[in-house]
Amino acid sequence: MIDPDGSDAIPFDDPLEVRRAKVEAMRAAGEQPYKVRYDVTAHVSDLVATYSALPAGEETTDIASVAGRVVAVRDQGRAAFIVVRDATGDIQLFCRADALGDDGFQASAALDLGDWVGARGSIMRTRRGELSVAPTEVVLLSKSLRPLPEKYHGLSDTETRYRQRYVDLIANPEVRDVFLTRFKILSVMRRFMESRGYLEVETPMLQPVPGGATAKPFVTHHNALDMQLYLRIAPELYLKRLLVGGSDRVYEINRSFRNEGMSPRHNPEFTMLEAYQAFGDMEAMRELTESLIAAIAVDVLGTTEIVYQGVPVSLASPWRQASMADLVSEACGRDVSVHTPLPELLALCDTHDVPIQPGWGPGKLVNELFEKLVEHTLHQPTFVTLYPAETSPLARRNDADPELTDRFELIVTGRELANAFSELVDPVDQRSRFEAQATAKAAGDEEAMCIDEDYLRAQEYGMPPAGGLGIGVDRLVMLLTDSASIRDVLLFPHMRPEA
RNA sequence: GGGCCGUUAGCUCAGCUGGUAGAGCAGGGGACUCUUAAUCCCAAGGUCAUAGGUUCGAUCCCUAUACGGCCCA
């Protein structure tokens, strides 16, 4: 299509081409559509706070320079209202031809939605009550070539929202709030851990032996050493090596990677808090978990009473504690434990449609019954305790019952949010547990652990008694932001390649 | 891996038991010096996800594929 008056051969049905032509026209006129910098004197939120009491219709002589993205233009002919969004909020520019000059006004009114602009002028509040900058200068800082999503409905297509998060963040301010909350949660978490005397450390993400969890790792290759490496599935074994080295309290907010399926609760890479306390135990970790999560809720949300997906959740102390055996027994209507004869456990699994695999012992079967029958029913925070030793190869055996471990998982809204135990520090027992895992791996369990000889060597030097804790940070953010999917709390969730 | 649902203009959505598509916003032209989902006038914008099939004729029915969502394993 050709411009009807024939003066320019601009294809005005293609937004990208129209804007490219504008850029070319600017360059032809000697203007730079991509400036080098702009001296900003105020963020929008500062202006909103400072001038909250400014009455409607008042004009001040205070001058400010703001910069942001144009998100709305309302052209009135010889005046124009331009809404600019910076990182802290939206503010209106009240552009008038008499203040900007004819050329300046024309240029302002010609701005496109999405353009980055800087503006300098006096602070005022319009007669309709909108805080505004009345600019004597409006500068295009960076030209946008693509049209923004619809101004009222925003961007709702989930695929585009996740793939092009930058557009999602422009179009949907509430998305920005979720990630601001995520940042606050991490910030409070770090301050809390530091206040408890924990040292933040960094341990390898590239590991020669993947350990610390039962999961399938991503495999990679180091060219220089011509060796296979794994992206960590957990930092646990390295953090515990630090206890051998004499560290007293350490934690790592870690990205870990598991080569498994994706779901609304699983992303191949995810964030955990892992913490270890020498001379502590499971009980110390239970107290830490409860205090930390409640403190985060109070600090970030101002309350321990939250709502997740329409259902109230109380994070107020104390949280329920119950043993796995008691919970499974309740669900099955009969006593069930790791000491229940194997045929009876197999019959229970059959009754409750729990799929089983050959080689599973009573501990694994009880654990499967728990996950099938109980886990999803625990909506309020619950510490599930006394996990089977069979499925807890890094946890210390319970003194009263060596088939169990001093371990808990914290379940909230039917999901595992944290996992902790009194650490297994006996190198002889640890080796036998690793060997049991190796047997399972040889029998086809791809998630079973590998024997980590260096970790065993470290333990042989002597590891202090310790408590260890892992908290799923993404799931905690989901809980505290009322997000249904992990993808809503990850800035750039994993996606298949675009079609 | 299995099941169900979805994919129509840049965005948000319509589209009648099958006759090759509409709106709003955005974009283009014009009017307007207090608007804020501004308003008003005019014009434009589509390989209906992709590839096959059925049919005189397919956005619509069938099959496969891709991507996405939810549920299950």
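Any value given below was found using the heavy atoms of this structure, including those in side chains, with hydrogens, waters and symmetry copies removed. Below, chain A is the first sequence line, B the second, and so on; all start at residue 1.
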Calculate the interatomic distance between [X] atom [atom1] and [N] atom [atom2]; express it in whole Å.
| X | N | atom1 | atom2 | answer |
| --- | --- | --- | --- | --- |
| A/Glu371 | B/A73 | CD | C1' | 13 Å |
| A/Arg146 | B/C25 | CZ | P | 24 Å |
| A/Tyr152 | B/G24 | OH | P | 17 Å |
| A/Leu100 | B/U33 | CG | C1' | 12 Å |
| A/His376 | B/C72 | NE2 | P | 9 Å |
| A/Gln164 | B/C11 | CD | C1' | 12 Å |
| A/His153 | B/C13 | NE2 | C1' | 8 Å |
| A/Glu159 | B/C67 | CD | P | 9 Å |

Among [options], which nucleotide has an atom closest to any side-chain atom of [X]?
| X | options | value |
| --- | --- | --- |
| A/Asp112 | B/G27, B/A73, B/C34 | B/G27 |
| A/Gln92 | B/U36, B/G27, B/C11 | B/U36 |
| A/Arg78 | B/U33, B/U36, B/G28 | B/U33 |
| A/Asp75 | B/C32, B/A73, B/A26 | B/C32 |
| A/Lys372 | B/G27, B/C71, B/A73 | B/A73 |
| A/Arg96 | B/A73, B/U33, B/U12 | B/U33 |

Could you check which nucleotide pairs with [N] in any of the strands shown, counting Watson-Crick or G-U wobble with both distances under 3.5 Å?
| N | result |
| --- | --- |
| B/G22 | B/C13 |
| B/C4 | B/G69 |
| B/U63 | B/A51 |
| B/A58 | none |
| B/U39 | B/A31 |

Between [X] (side chain only) and [Y] (backbone N and O only), is there a donor and an acceptor less than 3.5 Å apart?
| X | Y | value |
| --- | --- | --- |
| A/Thr88 | A/Val44 | yes |
| A/Glu150 | A/His153 | yes |
| A/Lys216 | A/Arg258 | no |

When the [atom1] atoms of [M] and [N] are compared, how many Å lie between them, rounded to an integer?
| N | M | atom1 | answer |
| --- | --- | --- | --- |
| B/U59 | B/A44 | P | 23 Å |
| B/U20 | B/C48 | C1' | 10 Å |
| B/A21 | B/C60 | P | 13 Å |
| B/G18 | B/G30 | C1' | 43 Å |
| B/C70 | B/G45 | C1' | 34 Å |
| B/U39 | B/C34 | P | 16 Å |
| B/C62 | B/G1 | C1' | 25 Å |
| B/G46 | B/G3 | P | 37 Å |

- request: Take A/Glu150 and A/Gly129, find for each the nucleotide of RNA chain B with the closest heavy atom, and name the residue whose nucleotide sits nearer the 5' end.
  value: A/Glu150

- prompt: Mapping A/Ser132 and A/Thr160 onto RNA chain B by nearest heavy atom, which one lands closer to the 5' end?
  reply: A/Thr160

Using a heavy-atom cut-off of under 4.0 Å over every strand shown, decide if [X] touches base, sugar-phosphate, or nothing.
| X | value |
| --- | --- |
| A/Asp157 | sugar-phosphate |
| A/Gly261 | nothing |
| A/Arg163 | sugar-phosphate |
| A/Phe94 | base |

message: For A/Lys364, is there an ion pair with A/Glu368 - N to carboxylate O distance below 4.0 angstrom?
response: yes

- prompt: Does A/Asp168 pair with A/Arg163 as a salt bridge, N-O distance under 4.0 Å?
  reply: no

- request: List the atom of A/Thr126, the atom of A/Gln92, and the distance in Å for their closest heavy-atom pair.
  value: CG2-NE2, 3.6 Å

task: Please report the shortest heavy-atom distance between A/Pro268 and A/Phe218, naming the atom on each side.
output: CB-CZ, 3.9 Å

Considering just the side-chain nitrogens and oxygens of [X], establish if one lies under 4.0 Å of OP1 or OP2 belonging to [N].
| X | N | answer |
| --- | --- | --- |
| A/Arg496 | B/G68 | yes |
| A/Thr158 | B/G69 | no |
| A/Arg487 | B/G69 | yes |
| A/Ser156 | B/C13 | yes |

- request: Examine A/Phe81 together with A/Phe94 and report whether their ring centres are nearer than 6.0 Å.
  value: yes

